[in-house]
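Single-structure report; data block below.
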Amino acid sequence: MKIYNTLTRAKEEFKPLEDGKVKMYACGITVSGEAHIGHGYQALIYDIMRKFLEKQGYAVTYARNYTDVDDKIIAKSRETGIPADKYAADMIENIDRIMARFDVDEPTVWLKATENIGNIIDFIEKLIASGHAYPADNGDVYFDVTSFRRYGCLSNRSVEDMLDGVRVENGEQKRNPADFALWKAAKEGEISWKSPWGEGRPGWHIECSAMNRAAFGEQIDIHGGGRDLIFPHHENEIAQTESLTGKQFARFWTHNGLIKVNGQKMSKSLNNSLLLNDLLDKYSNEAVKFALLQTNYRNDINITDGIFDEAEKHMTGFYTVIKKVEGEFGKAACSADSGSGGNPEIDSRFNAVMSDDFNTALALSDLFGIFKNISRKTAAGDKTAADDVRQVRATYSLLGLFKKDAAEYLAETAARRGGEIPERVKELAAARWNAKAARNWAEADALRAEIDALGYAVKDSKDGYTITEK
RNA sequence: GGCGUCAUAGCCAAGCGGUAAGGCAAGGGUCUGCAAAACCCUGACUCCCCGGUUCAAAUCCGGGUGGCGCCUCCA
């Protein structure tokens, strides 16, 4: 099993700290707004990593967090008049619902910043005691970046480099502009907790360090997140935790690429987010997953016209084949949980490509050949086609694919696509069918043109016709 | 300015030193009254540019160019 490690900028053979066990943590969402496609993507990727490691025989503990207190949440609270804690709790519920719709499994452990205030304060106190952090007169507490020799090791920066671009906000009392806040004193009317430094709230970076320590102890195997978190968030996590423990925090740092729209990253400040929920109104969750997993997780994905349409087309095609196989050899024979058998080649090939830094792109491209083969076998009456389908379902469910009943999937996508066909179009189509039956081709073609002009297409089959919106 | 990352056919994309996977679109064919669907066939003398290493480079090294990301919040 090879995994790309951002720390070393290389693929490395994965070996956990403790034989057979994996501790992994992925930075979750700051719940100041609805889940966008990038959040869904990140949740999907780490769920897949977890599941594949489990498939390799590891007992995986996978923790994810919700950052449920921060500046943007406080701002939203002010805007809406809803108390910050209520706003965050509602948003978490909303995001959980959307993730369930996307069909990504829950982590082993959910962590929330506001449920770990005690752990955070304890962590900060220890950092102050060991000289790595200092309280300022205004009630803030900062981490002293110069106290951690390796600061910058993940993002490859030196403290001197950082002084260039750093911004100092009004009211901050840092010794060094690159220092970052562990604790922020409460301003008027802000949600806050009691601390040795007065009323306030935790900084973003310390939350993840403290929650990791609470959930796992001093060291973990894999720490992941979006690539935009490398600096400063993950850099700061390393500084905090390693300053406290003197040990390497995470063995592997993994970072997924970002989802871009029109060549630009989706971000809160640009306000160009594509909401997951909206996407799921238009496409099945499996189509969305297929589209996202066609690119390796470390690359960015630029959302272009048609990537989801194309993916939906593929999933529909695959399910159409499955339905045919079911019709031919029986539904039970194609079901993932119908006992042994299957096609071990499909599974071992999948394992081989996924073992190379989770190469989902190759795993998906195999599907085209697999289904071509299944079609061929089915046409030839070879009932091992059903074994292949069963194997595809069993193997590829790890990527969140082929989990649905074929007929249901097809009906659902057809319904989503089709919408309501206007009466006028239906009449024209019926008239055309009659003209066709009378072998009046000119009339039939004229009617087709009329239907076409209304934005619909008629497709004939042996015993009838279907109307689709173009 | 610093750091990082990417650059492969019209488009998406794999590839990580051994002579360019896969998909979409396009073209041709079979089938069809015509279409659609399905099936079959066709595509990069070459991997942004220039040097270098090597028997061998899209893949390694050096130098350019361009895109994107981070250095404010961000998955």
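Remember, predicted model here, so these are calculated numbers, not experimental data. The basis for the numbers below is simple: all heavy atoms, side chains too, and nothing from hydrogens, waters or symmetry mates. Below, chain A is the first sequence line, B the second, and so on; all start at residue 1.
- When heavy atoms are screened at a 4.0 angstrom cut-off, Ile307(A) is found touching no nucleic acid atom at all.
- Ring-plane geometry between His205(A) and Phe180(A) is classed as perpendicular, the angle between the planes exceeding 60 degrees on a 0 to 90 degree scale with a lower cut at 30.
- Under 3.5 Å, the side chain of Arg157(A) and the base of C71(B) form no donor-acceptor pair of N or O atoms.
- The phosphate of A14(B) has OP1 or OP2 within less than 4.0 Å of a side-chain N or O from Asn299(A).
- Rounded to whole Å, the distance from CG on Asp70(A) to C1' on C74(B) is 10 Å.
- Spacing between A9(B) and A21(B) at atom C1', rounded to whole Å, works out to 14 Å.
- Look at Asn156(A) and you'll find a side-chain N or O under 4.0 angstrom from OP1 or OP2 of G4(B).
- Here the P atom of nucleotide A38(B) and the CZ atom of Phe318(A) are 12 Å apart, to the nearest Å.
- Residue Trp441(A) has no polar side-chain atom (N or O) positioned under 4.0 Å from OP1 or OP2 of A35(B).
- Side-chain N/O atoms of Arg376(A) include one lying less than 4.0 angstrom from OP1 or OP2 on C40(B).
- Pair assignment for A13(B) gives none, since no Watson-Crick or G-U wobble pairing has each distance under 3.5 Å.
- Partner assigned to U65(B) is A7(B), using Watson-Crick or G-U wobble distances below 3.5 angstrom.
- Distances shown here put every side-chain N or O of Lys72(A) at or beyond 4.0 Å from the OP1 or OP2 atom of U72(B).
- By the 30° and 60° cut-offs, the orientation of the rings of Tyr25(A) relative to His223(A) is tilted.
- At least one side-chain nitrogen or oxygen of Lys313(A) sits closer than 4.0 Å to the OP1 or OP2 atom of A25(B).
- Thr241(A) and Glu237(A) are not linked by any side-chain donor-acceptor pair at a separation below 3.5 angstrom, with hydrogens and angles left out of the test.
- Within the nucleic acid shown, Gly257(A) comes within 4.0 Å of at least one base atom, counting heavy atoms only.
- Of the candidates C3(B), C74(B), C34(B), the closest approach to any side-chain atom of His39(A) belongs to C74(B).
- Closest to the side chain of Tyr4(A), out of C24(B), C68(B), U5(B), is U5(B).
- A26(B) and U19(B) have their C1' atoms separated by 28 Å, with the value rounded to a whole Å.
- Counting atom types as modelled, His255(A) pairs no side-chain N or O with a base atom of A75(B) as donor and acceptor under 3.5 Å.
- Checking G1(B) for Watson-Crick or G-U wobble geometry (two distances, each under 3.5 Å) identifies C71(B) as its partner.
- Among the atoms of the strands shown, none is found under 4.0 Å from any heavy atom of Arg298(A).
- As judged by a 4.0 angstrom heavy-atom cut-off over every strand, Leu362(A) is placed among the base-contacting residues.
- Judged by distance alone with a 3.5 Å cut-off, a donor-acceptor contact links the side chain of Arg448(A) to the base of C34(B).
- Distance from the side chain of Phe368(A) is smallest to G23(B) among G23(B), G4(B), C34(B).
- Using C1' as the reference atom, C31(B) and A25(B) are 22 Å apart when rounded to the nearest Å.
- Which of A35(B), G22(B), C71(B) sits closest to the side chain of Pro232(A) comes down to C71(B).
- Both distances falling under 3.5 Å, in either a Watson-Crick or a G-U wobble arrangement, occur for no nucleotide opposite A58(B).
- If you check every strand for non-hydrogen atoms under 4.0 Å, Gly263(A) touches sugar and phosphate atoms only.
- Of the candidates A21(B), C70(B), G33(B), the closest approach to any side-chain atom of Arg432(A) belongs to G33(B).
- Nucleic acid contact for Gly38(A): base, since at least one base atom lies under 4.0 Å from a heavy atom of the residue.
- Contact annotation: side chain of Asp366(A) to base of G22(B), donor-acceptor pair absent below 3.5 Å.
- Across the P atoms, C48(B) and C16(B) are found 16 Å apart, a figure rounded to whole Å.
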In sequence, state the C-alpha distance, the side-chain angles, and the governing distance for Arg101(A) and Asn285(A), and then conclude on side-chain hydrogen bond (donor to acceptor under 3.5 Å, both in side chains).
CA-CA 7 Å; Arg101(A) 191 178 178 203; Asn285(A) 61 42; over 6 Å; no
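- Looking at Thr413(A) and Ser284(A), their side chains never bring a donor and an acceptor atom within 3.5 Å of each other.
- Judged by Watson-Crick or G-U wobble contacts below 3.5 Å, the nucleotide G27(B) has C41(B) as its partner.
- Ring geometry for His314(A) against Phe290(A) counts as tilted: the plane angle lies between 30° and 60°, on a 0 to 90° scale.
- With 3.5 Å as the limit, one finds no donor-acceptor pair spanning the side chains of Lys2(A) and Ser355(A).
- Between the side chain of Lys265(A) and the base of C74(B), a donor-acceptor pair under 3.5 Å is found.
- When Watson-Crick and G-U wobble pairs are counted only if both distances are under 3.5 Å, G33(B) pairs with no nucleotide at all.
- The side chain of Asn359(A) sits closest to A14(B) out of A14(B), A75(B), G23(B).
- Under the 3.5 Å distance criterion, with hydrogens and angles disregarded, no donor-acceptor pair is assigned to the side chains of Arg149(A) and Tyr151(A).
- A gap of 35 Å separates the P atoms of G23(B) and C70(B), to the nearest Å.
- Among the heavy atoms of the strands, none lies under 4.0 Å from Ser375(A).
- In this model, a donor atom of one side chain and an acceptor atom of the other lie less than 3.5 Å apart for Asp388(A) and Asn343(A).
- Per the geometry, NZ belonging to Lys372(A) stands 9 Å off C1' belonging to C39(B), to the nearest Å.
- Remark: Gln294(A), Thr295(A), Asn296(A) in residues 288-296 of chain A come within less than 4.0 Å of RNA chain B through at least one heavy atom.
- Among the atoms of the strands shown, only primed sugar atoms or phosphate atoms (P, OP1, OP2) are found under 4.0 Å from some heavy atom of Ser155(A).
- Taking the six-membered ring for Trp and thresholds of 30 and 60 degrees, Phe52(A) and Phe358(A) have ring planes more than 60 degrees apart, a perpendicular arrangement.
- In terms of polar N and O atoms assigned as donor or acceptor, the side chain of Asp460(A) comes within less than 3.5 Å of the base of C34(B) in a complementary pairing.
- Separation of the P atoms belonging to U8(B) and C60(B) is 15 Å when rounded to the nearest angstrom.
- Heavy atoms of Ile45(A) sit nowhere under 4.0 angstrom from any nucleic acid atom.
- Below 30°, between 30° and 60°, or above 60°: for Phe249(A) and Trp253(A) the angle between ring planes is above 60°, a perpendicular geometry.
- The base-pairing partner of U53(B), taking Watson-Crick or G-U wobble contacts with both distances under 3.5 Å, does not exist among the strands shown.
- For the pair Arg349(A) CZ and G22(B) C1', the computed distance is 10 Å after rounding to whole Å.
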